Each structure stands twice: as C-alpha cells, then as structure tokens.
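All ligand and atom numbering here is 1-based and tracks the order in the structure. These numbers come from a predicted model, not from an experiment.
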Amino acid sequence: MSSGNHYEQNLQADNIISRVQQAYPNGADQYQLAPIDQLHIGGIKASQKLLKHLTDGELVLEIGSGLGGLMRLAQQQNNLQIIGLDISHGLNKLNCVLAGLSITKAPTTVITGDAHLLPFSENCFDSIILQHSLLNMPNPTQVLNECLRVLQPKGKLILHEVLEGENVAEMKFPVPWAEKESGSHLMQETELKALIVDAGFELEGFSDWSTEALEWRKRQASKEQTVKNLSPVVSPAMVLGDQFSLMAGNLMRNLSGQSIRVVELVLKK
Ligand SMILES: C[S@@+](CC[C@H](N)C(=O)[O-])C[C@H]1O[C@@H](n2cnc3c(N)ncnc32)[C@H](O)[C@@H]1O
C-alpha cells in the first residue's frame, strides 16, 4: 500500500468538517485541531521547536504537510510564506478546508505531489521542513537530492524524523505511519548521516528527542483515556482509523523498548 492510501483509507473528512464547524463556529484554535493536524510525536511543542530555525521573510516548503498544523503555526508565529506539499490529495483538500475553519482563516497553499520528484525549479526555497514524512519514503537519497536542488544556496533542511533504535528487531506494528514493516522506511543514525553527506549537505545540528517523545506519548495516552468517553470533537482515529489505539500503544512500546528513536537534524546546503 502506498503511504497516500495509508492516510486516506480511513479519513473521515466530512465528519471532521461538520464536527469542527459545529463545535467551533468562531474558528478552531491550534490546540483544538492538534489531535488531527499535528500527526507526529511531540505535537504542537515539537512543531514550535522546528519553527525556531526559520527566519522572518523566508519562503519555506513543508514536505509531507499532512493536515497542515505546522503550516498554520508558522503563519501565525512567523512572518514568512509557507507552501505545503503532500502525496495524499485527500489530506491536502481537508487541510485547505481546515484553514478556513481555523481561528485565523489564513488561506493555505498546498500542492499534491511526490517528494521524490518535486514540482519546483532550482534554488527557490530558503528552507525545507520534513516532519515525520521521510519515514514513509522508500528512496531517501532521491528525496535529499530533490531538496538540495530546490533549496537556495545556503538554504536549510530541517528534519524531525523517526530512526531505528538499537532494538529495531523488536519493533511492533502497526504504528501511526505504517500498518506493516513494508510501509515504514526507518534508517539507522549512521545511515542517514552518510546519505546527508553523500547528497552534499552539511550537518549543522543533531538532537535526540527520544526521552521527551516517550514522556509526551505517555501524557497523550492518559489524555486520550480521559476524553475517550466524552466523545472528543476530533481524534487521530478520524484520520488513522480504529486501529489508532493499537498504533499508539505500539508507538509507546517501541519508544520505551528503544526500537525507535526520534531525532531532529538541521542541514545546510
Ligand atoms: C505521519 S504523516 C505527518 C504529517 C505532518 N507532517 C504532521 O506532522 O502532521 C506523513 C505525511 O507524509 C506524507 N507523505 C508520505 N510519502 C510522501 C511522499 N512521497 N511525498 C509527499 N508526501 C508524502 C503523507 O501523505 C502524510 O501526510
């Protein structure tokens, strides 16, 4: 199954739209949309940390923009222009509708396309962000080459991704990004670093966020348990389907058992 299908086969777009419209007639804020539009480990805080690497006035591309939580945060907090690209057309359509239902109502620019073949010319972006999307991409070398091509000289590539941990052999599926191992494209730290250098990037920063990622997942699990019986307005299950609680449980097991790691990398062209 392609990663696009993984995110679209259970997507309840109409249900999400009518619930958000009904619950938040004056517009939903970032926290109200976060269960569906921050589909990565670490939620809003992780996105805010990534956005600190951007400077006012930049033209930014987010690859694998999903339902657009990071894009909306960037529009609110930073004086910059951000374009989203995602392979899942259904997510892109919903992203645009959610922008109109959000508190700021700022329009969003999003393109349906594949990171392996970016529909942009050379040297056009100041920065590119990938947040939990390289993990779905079967040819990371080609994706890094494409990022290098469309980045301006001295442009930045910011990655917030999941890597293989030392106990990767014990990894449990399904996880939120893949039902089976065949849909998950994780690498070892050394492998990713070698690809980065081979592509021609300079590694400016590497941080391991695994400890805070596990703490975040534990807090989310207890919140999800509390709101379960209260019928939350939106939930990740409305995107990822009924298997979401199993996926989330496996995510926590994989983090605590060190089958996976969560890292941030900052690269310079
Ligand atoms: C785990 S979701 C993360 C979404 C978003 N970055 C977030 O954090 O909320 C992964 C996203 O990557 C997108 N994706 C996967 N493969 C892609 C590709 N080859 N090109 C563009 N987008 C892709 C998926 O459609 C999905 O929206």
(request) Look only at interatomic distance and state if Gln38 has a nitrogen or oxygen under 3.5 Å from any nitrogen or oxygen of ligand 1. (result) no
(message) List ligand 1 atoms under 4.0 Å from Gly113, heavy atoms only on the residue side.
(response) 20 (N), 21 (C)
(message) Quick check on contacts: which atoms of ligand 1 are under 4.0 angstrom from a heavy atom of His116?
(response) 19 (N)
(request) Before accepting this row, confirm whether a basic side-chain N of the pair Arg261/Glu189 lies closer than 4.0 Å to the acidic partner's carboxylate O. (result) yes
(message) Quick test of your reading of the structure: of Leu240, Ile87, Ile41, whose heavy atom lies closest to atom 21 (C) of ligand 1?
(response) Ile87
(request) For Pro176 and Leu251, work out which heavy atoms get closest and say how close. (result) CG-CD2, 4.1 Å
(request) Can you sort out which atoms of ligand 1 are near His40, meaning under 4.0 Å from one of its heavy atoms? (result) 7 (C), 8 (O), 9 (O)
(request) For ligand 1, find out whether one of its N or O atoms is nearer than 3.5 Å to an N or O atom of Gly64. (result) yes
(message) Can you name the atoms of ligand 1, numbered from 1 with element, that are less than 4.0 Å from a heavy atom of His132?
(response) 1 (C), 2 (S), 3 (C), 10 (C)
(message) Quiz question: by atom type and distance under 3.5 Å, do the side chains of Arg19 and Ser231 form a donor-acceptor pair?
(response) yes
(request) With heavy atoms under 4.0 Å as the rule, classify the contact between Asp37 and ligand 1 as side chain, backbone, both or neither. (result) backbone
(request) Report, in ascending order of atom number, the atoms of ligand 1 lying under 4.0 Å from any heavy atom of Leu91. (result) 27 (O)
(message) So for Ser47, does at least one of its heavy atoms come nearer than 4.0 angstrom to any atom of ligand 1?
(response) no
(message) Just by distance, no angles: are the side chains of Glu204 and His53 close enough, under 3.5 Å, to form a donor-acceptor pair?
(response) no
(message) For atom 13 (C) of ligand 1, tell me which residue out of Thr112, Asp86, Leu50 has the closest non-hydrogen atom.
(response) Asp86
(request) Please determine if Lys156 and Glu58 form a salt bridge, counting it only when a charged side-chain N lies under 4.0 Å from a carboxylate O. (result) yes
(request) Can you sort out which atoms of ligand 1 are near Ala115, meaning under 4.0 Å from one of its heavy atoms? (result) 18 (C), 19 (N), 20 (N), 21 (C)
(message) As an exercise, identify every atom of ligand 1 less than 4.0 angstrom from a heavy atom of Asp114.
(response) 18 (C), 19 (N), 20 (N)
(request) Can you measure from NZ (Lys93) to CG (Leu67) and round to the nearest 0.5 angstrom? (result) 12.5 Å
(request) Compute whether any side-chain donor of one residue and acceptor of the other, for Tyr7 and Asp86, lie under 3.5 angstrom apart. (result) no
(request) Test His132 against every option in Ile41, Leu39, Leu159 by the side chain to side chain contact (heavy atoms under 4.5 Å, CB included) rule and name the one that passes. (result) Ile41
(request) Check for a donor-acceptor pair, side chain of Gln258 on one end and backbone N or O of Glu166 on the other, with a separation under 3.5 Å. (result) no
(message) Counting only nitrogen or oxygen atoms and a 3.5 angstrom limit, does Leu39 reach ligand 1?
(response) yes
(request) Could you tell me which atoms of ligand 1, counted from 1 in the order shown, lie closer than 4.0 angstrom to a heavy atom of Asn136? (result) 10 (C), 15 (C), 16 (N)
(message) Can a side-chain donor-acceptor contact be found between Gln38 and Ser47 if the only test is distance below 3.5 angstrom?
(response) yes
(request) Output yes when the distance from some N or O of ligand 1 to some N or O of Leu85 is under 3.5 Å, and no in every other case. (result) no
(request) Report the relative orientation of the aromatic rings in Trp209 and His160; use parallel for angles under 30°, tilted for 30 to 60°, perpendicular for over 60°. (result) tilted
(message) Side chain, backbone, both or neither: which applies to Gln131 and ligand 1 if a contact is any heavy-atom pair less than 4.0 Å apart?
(response) both
(request) May I ask you to identify, for Glu62, whether its side chain, its backbone, both or neither come under 4.0 Å of ligand 1 on a heavy-atom basis? (result) side chain
